[in-house]
Amino acid sequence: MDMDERILRGRVLRFLRRPEGVGDTAAFEVFEDGAVHVRGGLIAWVGDFAQAPAGIAVTDHRPHLITAGFIDAHIHFPQGQITASWGAQLLDWLNTYTFPAETKFADPAHAARMATAFYDLLLRNGTTTASAFCSVHPASVEAYFAEAEKRGMRMLGGKVLMDRNAPEGLLDTPQTAHDDSAALIARWHGRGRALYAISPRFAITSTPGQMEAAQALIAAHPDCHVQTHLSENLEEIAFACSLYPEAKGYLDIYDRYGMLGPKALLGHAIHLTEAERDRIAETGSHAVHCPTSNFFLGSGLFDEAALARRGATSAIATDIGAGMSWSMLRTGGAAYAVAQLQKRSLDPFTAFWWITRGNAEVLGLADRIGTLQPGSEADLVVLNSRATPDLALRMEAAQDLKDELFALLILGDDRTVAETYVAGKASKPA
């Protein structure tokens with residue numbers, strides 16, 4: 001029997017496109033007694049279990065829900081240990097907690113130990129793909145991708161570029177930023193399931209010379225993603241603009257260095273002007289909503305609808321370590337709260353689409369992950385909607401799938417994840 005081939009049985013949910021409200025049942029498919037046929041790390045077929053091919057080993061997850069593995073579009077690999085650190089707003093929090101923690105990642109042994117913990121927590125929470133900022137040290141990137149390779153995960157990431165306004169142990173130079181990044185791209189980008197993201201932290205920590213180095217990297221490697229931070233905090237915006245007085249605003253700093261486009265991931269993007277929203281849409285760039293982090297640091301409310309009206313698509317993310325949970329379920333629930341505060345509604349189908357297929361589309365990877373379509377990579381999560389006493393009590397009164405998904409978003413966490421599959425293999429840590 002082929003150990004790389006099996007059928008996963010359960011209630012299967014997959015999305016075909018973004019839902020347009022709770023009544024848009026054409027946006028997704030549900031197989032009440034469903035089957036996902038996994039072979040060689042890929043999805044071979046999805047449908048009703050009664051029609052599944054015979055003679056293949058079956059793993060029975062009934063009555064649990066099987067969906068695509070969760071995708072986290074903005075997370076900080078070196079910040080796992082500072083999650084839940086009491087603190088002030090963005091810039092003070094960086095100086096007090098973030099930079100001291102990241103300094104330790106110069107040590108390869110520390111980076112390797114943190115990588116093990118990082119991936120254990122992702123998989124425990126059902127996250128099978130993430131885009132991460134590593135530290136400035138190449139050793140952190142090596143540990144990050146090496147551990148992902150060991151586990152067979154599709155991951156994006158890159159070393160941050162920082163040559164000012166940070167402690168000495170976290171500074172590189174324009175030349176070393178370029179050369180180290182180029183070497184890491186050559187070593188890791190496209191190796192197995194690894195994808196490199198060119199990662200200038202933000203304009204405050206990069207001189208114009210280093211931004212030019214980032215621009216050269218982007219021009220030389222147009223298939224790499226680009227990730228940075230934008231307009232998270234009013235003090236941050238003022239500081240960034242003071243460092244680049246020739247720019248017409250914060251976004252224009254990045255625009256001048258060729259950083260915008262379909263591969264661009266702009267973390268937070270809360271305090272945008274109308275012209276900046278227009279420019280994000282024009283260039284096909286993507287803002288990344290980090291709701292629990294924005295609550296935690298008091299940064300503000302992300303306006304996804306204002307970008308969507310212009311045709312811009314946004315991702316959603318935990319932003320660990322300022323984020324308050326590793327769970328994309330909790331992240332989706334927090335996005336619901338943000339929408340409520342803006343007198344809008346985020347329905348549970350759209351939230352589940354967002355943390356799976358929606359993020360895959362933003363990353364340009366919907367042909368590989370996030371959809372449960374035949375030929376895509378077999379990254380899945382199995383959810384137990386009665387895993388905790390409060391969920392079990394809620395489910396007694398649940399009337400339909402909408403109720404169940406919303407309960408998972410509001411009450412779910414790692415305990416809800418019965419199993420995580422990476423490339424078809426059960427991978428949730430014990």
Side-chain angles (χ1 to χ4, degrees), residues 1-16 25 27-71 123-129 151-154 328-329 348-349 352-353 355-357 360 368-388 391-392 394-396 398-409 412-430:
M1 183 179 297
D2 185 351
M3 297 303 293
D4 288 332
E5 182 173 20
R6 65 178 48 252
I7 287 173
L8 308 179
R9 185 177 186 180
R11 295 161 52 240
V12 179
L13 168 67
R14 69 176 175 186
F15 288 92
L16 307 176
T25 57
F28 57 89
E29 293 179 308
V30 180
F31 302 94
E32 289 297 335
D33 185 7
V36 180
H37 179 193
V38 175
R39 182 174 60 221
L42 303 177
I43 293 173
W45 176 85
V46 175
D48 293 315
F49 180 76
Q51 299 174 331
I56 299 171
V58 175
T59 300
D60 195 343
H61 286 295
R62 293 177 298 171
H64 300 337
L65 184 69
I66 302 173
T67 189
F70 301 141
I71 301 167
L123 293 170
R124 192 178 301 280
N125 283 278
T127 298
T128 52
T129 290
R151 299 177 190 234
M153 295 174 69
R154 179 162 292 288
M328 289 303 296
L329 292 172
F349 291 106
F352 260 79
W353 164 85
I355 64 178
T356 56
R357 183 175 186 131
R368 298 188 233 182
I369 56 174
T371 68
L372 299 191
Q373 290 297 325
S376 65
E377 296 162 355
D379 297 340
L380 310 96
V381 62
V382 181
L383 300 173
N384 178 0
S385 303
R386 295 171 174 80
T388 62
L391 272 168
R394 173 66 186 96
M395 287 303 296
E396 288 181 12
Q399 297 181 8
D400 51 25
L401 180 60
K402 169 180 62 64
D403 287 353
E404 180 180 5
L405 295 181
F406 192 61
L408 286 166
L409 291 166
D413 54 29
D414 61 304
R415 296 169 294 176
T416 313
V417 177
E419 187 56 86
T420 305
Y421 287 90
V422 171
K425 297 180 180 179
S427 299
K428 184 183 179 184

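As a basis for the values below, the full set of heavy atoms in this structure was taken, side chains included, without hydrogen atoms, waters or symmetry mates. All residue numbers refer to positions in the sequence shown, counting from 1. Here the structure is a predicted model, which means the values were calculated and not measured.
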Let me confirm one number: the [atom1]-[atom2] distance from [X] to [Y], rounded to the nearest 0.5 Å.
X      : Y      : atom1 : atom2 : result
Arg124 : Asp414 : CZ    : CG    : 6.5 Å
Arg6   : Arg39  : CZ    : CZ    : 14.0 Å
Gln51  : His37  : CD    : NE2   : 14.5 Å
Leu409 : Glu404 : CG    : CD    : 11.0 Å
Leu372 : Ile43  : CG    : CD1   : 4.5 Å
Asp60  : Ile7   : CG    : CD1   : 11.5 Å

*Residue pair Asp413, Leu329: steps toward the side-chain contact (heavy atoms from CB on, under 4.5 Å) verdict*: CA-CA 6 Å; Asp413 54 29; Leu329 292 172; over 6 Å; no
Do [X] and [Y] have side-chain heavy atoms sitting under 4.5 Å apart?
X      : Y      : answer
Ile66  : Arg14  : no
Val36  : Phe31  : no
Glu377 : Leu42  : yes
Leu383 : Val417 : yes
Met153 : Leu123 : yes
Pro348 : Leu408 : no
Phe352 : Leu401 : no
Leu65  : Leu405 : yes

Taking all heavy atoms of [X] and all of [Y], pick out the closest pair and write down the distance.
X      : Y      : value
Pro374 : Ala44  : CB-O, 3.8 Å
Val38  : Ala378 : CG1-CB, 3.8 Å
Ala360 : Gly370 : CB-CA, 4.2 Å
Gly126 : Val381 : CA-CG2, 3.8 Å

*Partner of Ile369 under side chain to side chain contact (heavy atoms under 4.5 Å, CB included), chosen from Thr356, Thr128, Asp379*: Asp379
*If the plane angle is over 60° it's perpendicular, under 30° parallel, otherwise tilted; pick one for Phe349 and Phe28.*
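Ring orientation of Phe349 relative to Phe28: parallel.
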*Is there a side-chain contact (heavy atoms from CB on, under 4.5 Å) between Asp33 and Arg62 once you walk through the steps?*
CA-CA 8 Å; Asp33 185 7; Arg62 293 177 298 171; 3.8 Å; yes
*What's the verdict on side-chain contact (heavy atoms from CB on, under 4.5 Å) for Val12 and Glu29, showing C-alpha distance, side-chain angles and the deciding distance?*
CA-CA 8 Å; Val12 179; Glu29 293 179 308; over 6 Å; no
Donor-acceptor pair, [X] side chain versus [Y] backbone, under 3.5 Å?
X      : Y      : answer
Asp400 : Lys402 : yes
Arg357 : Phe15  : yes
Thr129 : Ile71  : no
Thr420 : Ser427 : no
Arg11  : Pro63  : yes
Glu419 : Lys428 : yes
Arg394 : Ala407 : no

*Dump the intermediate steps for side-chain contact (heavy atoms from CB on, under 4.5 Å) on Leu8 and Tyr421, then the final yes or no.*
CA-CA 10 Å; Leu8 308 179; Tyr421 287 90; 3.5 Å; yes
*Is it true that the NZ or CZ of Arg9 lies under 6.0 Å from the centre of Phe49's six-membered ring and within 45 degrees of the ring axis?*
yes
